[in-house]
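Following: one structure in structure tokens, then a few remarks.
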Amino acid sequence: MTIQNTIESYIKKGFLKIYQIEIPSVEFQATRKEFKGDLTVVIFPLLRYIKGNPTEIGEKLGNYLLENVAEVINFNVINGFLNLVIEDGYFLKLFNLMNQNPTFGFESPKESDKAMMVEYSSPNTNKPLHLGHVRNNLLGFAVAEIIKASGKKVYKTQIINDRGIHICKSMLAWKLFGNGETPASTGLKGDKLVGNYYVKFDQEYKKQIAQFVEKGISEDEAKKTAPILLEAQEMLRKWENEDEETVSLWKKMNQWVYKGFEVTYKNLGVDFDALYYESDTYLLGKDVVAQGIEKGVFYKKEDGSVWCDLTDEGLDEKIVLRSDGTAVYITQDIGTAIQRVNDLKDVGGMVYTVGNEQDYHFQVLFLILKKLGFDWAKNLFHLSYGMVDLPSGKMKSREGTVVDADDLMVEMTETAKNISEELGKLDGYSEEEKNELHKIIGLGALKYFILKVDPKKRILFDPESSVDFQGNTGPFIQYTYARIQSIIRKATFDYSLEINELELHEKEREIIKLMSLFPETIQQAADNYSPAIIANYTYDLVKEFNSFYQNVSILGEENHQKKIIRVQISKKVANIIKQAFSLLGIQVPERM
RNA sequence: GGCCCCAUAGUUCAAUUGGAUAGAAUAUCAGAUUUCGGCUCUGACGGUUGAAGGUUCGAAUCCUUCUGGGGUCACCA
């Protein structure tokens, strides 16, 4: 039972006693720093039940609590806010409780609960991953970890877009201009090699269009009839007819790409539990369309195309099957969603990490699945995020104006190296260990930079100015962690004793209060699908610790009990930093 | 044009989901520390929360209109 619950029940009792009125709930908030107190009761909502002066009501309730709740040792009322001062013993108890629990804040999944499936990354296999994918991957991974920590089973998944005209484009360009190049022969990462040919296709295509236009053909016409495009379309037909040569080229080049992606994912620190390939799923959903017609959710037009009428919901009509009977994008998505629940029976909801340009698509998709009557359809969430812009504008793969994911990670590691060498705290580290450390810091900076902002907002990323290492940044937090580790290494005495009675320093109280919020912060982050909430909490905790560190002496403290609790607090703060950062996919170093 | 998202110190972000005097970082300036790591800490400066109305005891947050930016409105994915 938390103090909040206790106080809530006593306020209800007190209110009943003083005013003879029952109240359903009490609103709490943490007391603002500028006022005295630890917990605040907001009086205003109570005015609904009893007319009166909020200050007077606050005084009466405060007195009641003072008499009846042992932990409440003082109170004050300001502007309708009842601030309660809680005794130190309570905070000590609170601390000891969380200190005994090495996974404090993390809920283990309940067997009875349904699992969530989190989809992210979902790349095309015709080009390497870029900065936009990086945001997608970091967000998806972090949200998956957060949901897991909040007490739900999670499956991480991606759907690999391995077929379609865009894939054929790079295949064709390789066939025409590749001279049999392979990743081995060029020393290039497979995804890079294939990506180069995707760019090559586009260059050739543009050249042909220009030539046509010169001959007096309209641009629209030229775009449709450029020979290289027609050839790519022919290739797609061959692929769909399972032409042996085409399929084997497709397999070969996709393997190159997968090998390359594997490296990028590993460096990025993300992973998946289940993979789906569009080449396996692109025919799914057609049978569902038939069932949907029977149920009256869909209807057929004269030309044979099938539609869903969403005008009652304020949306448009949406096509779900072409007149020639083939599937469209949304048909696949309907089919794939159902397939996943069939594959993994305990899935009770899904999170789709996809950019906000597809907001409308997912609105429609979720609505259709609901109309089809799937009970899990109410637990679908589009984790929509804003674009990552460069100072030069939008990134375009076809034009090669992208920030490559691999290059970016290398650059960040380089920057970390330069900064860390100035500091020189790494005596005794081997080159290998140093490189590993620079990677941890560089990636920490990048990941934190991206995850600390609300997913919905667009990010401007300037590769020139790079990412900060000071202030509200990953390395700053990592640094604090490393410094705590340094203290712990030096604390060679036995500090395992549990302290139950001690007068706490103001900074100690503050930091215990903040640590105790970790569990609800995780829940809040999970409810909002927002890693930013974890990032900002961690930063607050670190700031509070630095202030504590500045104000009290830890190892130099003469009072043995105080010394013990300060080491314990430091260690627990480090532990929470590590846990919180693990949710963001960021590692913490022992030294830096 | 219809619909959706965004707009907060010079800059990058917060604001306990409707609560107290809108907070941090950064940059600039001034200071602290003989000490557990000088990537630390304490101050100062910086705001008509894009604009105007409305609801409320109380609005950055909710509603309406407008302005600016982005997205989306394919038998593409």
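Here is the naming used below: chain letters follow the sequence lines, and residue numbers restart at 1 for every chain.
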Q. Counting only distance, no hydrogens or angles, is the base of A20(B) paired donor-acceptor with the side chain of Thr40(A) under 3.5 Å?
A. yes
Q. Any ion pair linking Lys169(A) and Glu231(A) (charged N to carboxylate O, less than 4.0 Å)?
A. no
Q) Would you call Glu544(A) and Lys33(A) a salt bridge, taking side-chain N to carboxylate O under 4.0 Å as the test? A) yes
Q.
When you compare the ring of Tyr539(A) with the six-membered ring of A24(B)'s base, are the centres less than 5.5 Å apart and the planes under 30° from each other?
A. no
Q. Under 4.0 angstrom, heavy atoms only, what part of the nucleic acid is Glu357(A) near: base, sugar-phosphate, or nothing?
A. sugar-phosphate
(Q) Whether the side chain of Asn472(A) and the base of U12(B) hold a donor-acceptor pair under 3.5 Å is what I'd like checked. (A) no
Q.
Using ring centroids (six-membered ring only for Trp), state whether Phe545(A) and Phe548(A) fall under 6.0 Å.
A. yes
Q.
Checking side-chain hydrogen bond (donor to acceptor under 3.5 Å, both in side chains) between Arg566(A) and each of Glu557(A), Gln561(A), His505(A), which is the one that passes?
A. Glu557(A)
Q | Each stem that RNA chain B is part of, given as range with range (3 or more consecutive Watson-Crick or G-U pairs, under 3.5 Å) | A | B:1-7 with B:67-73, B:10-13 with B:23-26, B:28-32 with B:40-44, B:50-54 with B:62-66
Q) Have Gln470(A) and Thr473(A) got a donor and an acceptor in their side chains that come within less than 3.5 Å? A) no
Q. Base, sugar-phosphate alone, or nothing: which one does Ala482(A) contact when heavy atoms must sit under 4.0 Å apart?
A. base
Q) Is the Tyr385(A)-Tyr529(A) ring centre distance short of 6.0 angstrom? A) no
Q) How far does the C1' atom of A20(B) sit from the matching atom of C73(B), given to the nearest Å? A) 45 Å
Q.
Can you see if the side chain of Arg458(A) gets near the phosphate of C6(B) - specifically, an N or O under 4.0 Å from OP1 or OP2?
A. no
Q: Kindly say whether, by distance alone, the side chain of Ser547(A) makes a donor-acceptor pair under 3.5 Å with the base of C41(B)?
A: no
Q) Should U17(B) be called syn or anti, with syn set as within 90° of 0? A) syn
